[in-house]
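Report on one structure; see the data block that follows.
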Amino acid sequence: QVQLVESGGGLVQAGGSLRLSCVVSGRTFSSYAMGWVRQAPGKEREFVAAITYSLGITYYSDSVRGRFTISRDNARKTVYLQMNSLKPEDTAVYYCASRKTGVPGLEADYWGQGTQVTVSS
């Protein structure tokens with residue numbers, strides 16, 4: 001059974017930082033691209049960042065590029081999202097996602113349960 005378990009969310013003031021982690025159980029980490037998607041209250045899910053498996057090529061949405069960094073530790077089956085210079089508009093539930101073919105965004109093969117990030121002004 002495949003599980004993606006996020007952690008690291010919380011409450012932070014604007015300008016602060018958080019690091020999200022997503023640990024994957026099962027055999028689906030190898031060769032799977034990983035990513036983060038967020039959903040704010042009353043809004044649709046929004047792609048945040050993604051990283052490929054072998055070359056570690058990264059992708060970012062325009063809204064987070066330069067502030068967020070995605071990385072992965074294949075040995076630990078873990079993907080991270082370092083979030084700096086956080087803004088109130090970054091407040092959302094952040095979901096970890098994995099995908100065998102292509103980059104996970106609004107479509108993915110597996111999803112985590114989500115972790116809440118709240119940025120106060």
>> With clusters defined by side-chain heavy atoms of hydrophobic residues (ILVMFWY) lying less than 4.5 Å apart, directly or transitively, does Leu18 cluster with Val79?
In response: yes
> Which atoms form the tightest heavy-atom contact between Gly114 and Val93, and what is the distance?
Replying inline: CA-CG1, 3.8 Å
> Any side-chain heavy-atom pair from Ser71 and Gln82 closer than 4.5 angstrom?
Replying inline: no
> Under a 4.5 Å cut-off applied to non-hydrogen side-chain atoms, are Ser63 and Glu46 in contact?
Replying inline: yes
> To the nearest 0.5 Å, what is the distance between CG (Asp90) and CZ (Arg67)?
Replying inline: 4.0 Å
> Does a donor on one side chain sit under 3.5 Å from an acceptor on the other, for Gln113 and Glu6?
Replying inline: yes
> Where is the tightest heavy-atom contact between Leu81 and Ala49, given as atom of each residue plus distance?
Replying inline: CD1-CB, 4.2 Å
> How far does CE of Met83 sit from OH of Tyr94, to the nearest 0.5 angstrom?
Replying inline: 5.5 Å
> Atom OG in Ser61, atom CZ in Phe68: separation rounded to 0.5 Å?
Replying inline: 8.0 Å
> Mind checking whether Tyr110 and Val24 have side chains closer than 4.5 Å, heavy atoms only?
Replying inline: no
> With a cutoff of under 4.5 Å between side-chain heavy atoms, which Ile, Leu, Val, Met, Phe, Trp and Tyr residues group with Phe47?
Replying inline: Leu55, Ile57, Tyr59, Val103
>> For the CD atom on Glu107, are there more than 12 heavy atoms of other groups (residues, nucleotides or ligands in this structure) within a distance under 6.0 Å?
In response: no
> Which atoms form the tightest heavy-atom contact between Arg72 and Ile51, and what is the distance?
Replying inline: NH1-O, 3.4 Å
>> Using every non-hydrogen atom in the two residues, find where Thr91 and Val119 come nearest and quote the distance to one decimal.
In response: OG1-N, 2.9 Å
> Do you know the tightest heavy-atom contact between Pro104 and Ala97?
Replying inline: CG-O, 3.8 Å
>> With a 4.5 Å cut-off on side-chain heavy-atom distances among I, L, V, M, F, W and Y, is there a chain of contacts connecting Val23 to Leu20?
In response: no
>> For Ser25 and Lys77, which I'm curious about, is there any donor-acceptor pair between the side chains at under 3.5 Å?
In response: no
> For Tyr80, is the NZ or CZ atom of Arg19 found under 6.0 angstrom from the centre of its six-membered ring and inside 45 degrees of the ring axis?
Replying inline: yes
> Can Val2 be reached from Trp36 by stepping across I, L, V, M, F, W or Y side chains whose heavy atoms are under 4.5 Å apart?
Replying inline: yes
> In Å, rounded to the nearest 0.5 Å, how long is the span from CD of Glu89 to NZ of Lys43?
Replying inline: 8.0 Å
> Val64, Val117: one ILVMFWY side-chain cluster at the under-4.5 Å cut-off?
Replying inline: yes
>> Does Thr78 form a side-chain hydrogen bond (donor to acceptor under 3.5 Å, both in side chains) with Asp73? I'd like the steps, not just the answer.
In response: CA-CA 5 Å; Thr78 302; Asp73 184 334; over 6 Å; no
> Between Tyr95 and Trp111, what is the ring plane arrangement, given parallel below 30°, perpendicular above 60°, and tilted in between?
Replying inline: perpendicular
>> Using 0.5 Å steps for rounding, measure from the CZ atom of Arg76 to the OG atom of Ser21.
In response: 11.0 Å
> How far apart are the closest heavy atoms of Arg38 and Ala92, and which atoms are they?
Replying inline: CB-CB, 3.8 Å
> Cut-off 3.5 Å, side chains only: do Asp109 and Ser98 have a donor facing an acceptor?
Replying inline: no
> Are any non-hydrogen side-chain atoms of Leu11 and Gln116 less than 4.5 angstrom apart?
Replying inline: no
>> Would you compute the distance between atom CG of Asn74 and atom CE of Met34 and round it to the nearest 0.5 angstrom?
In response: 10.0 Å
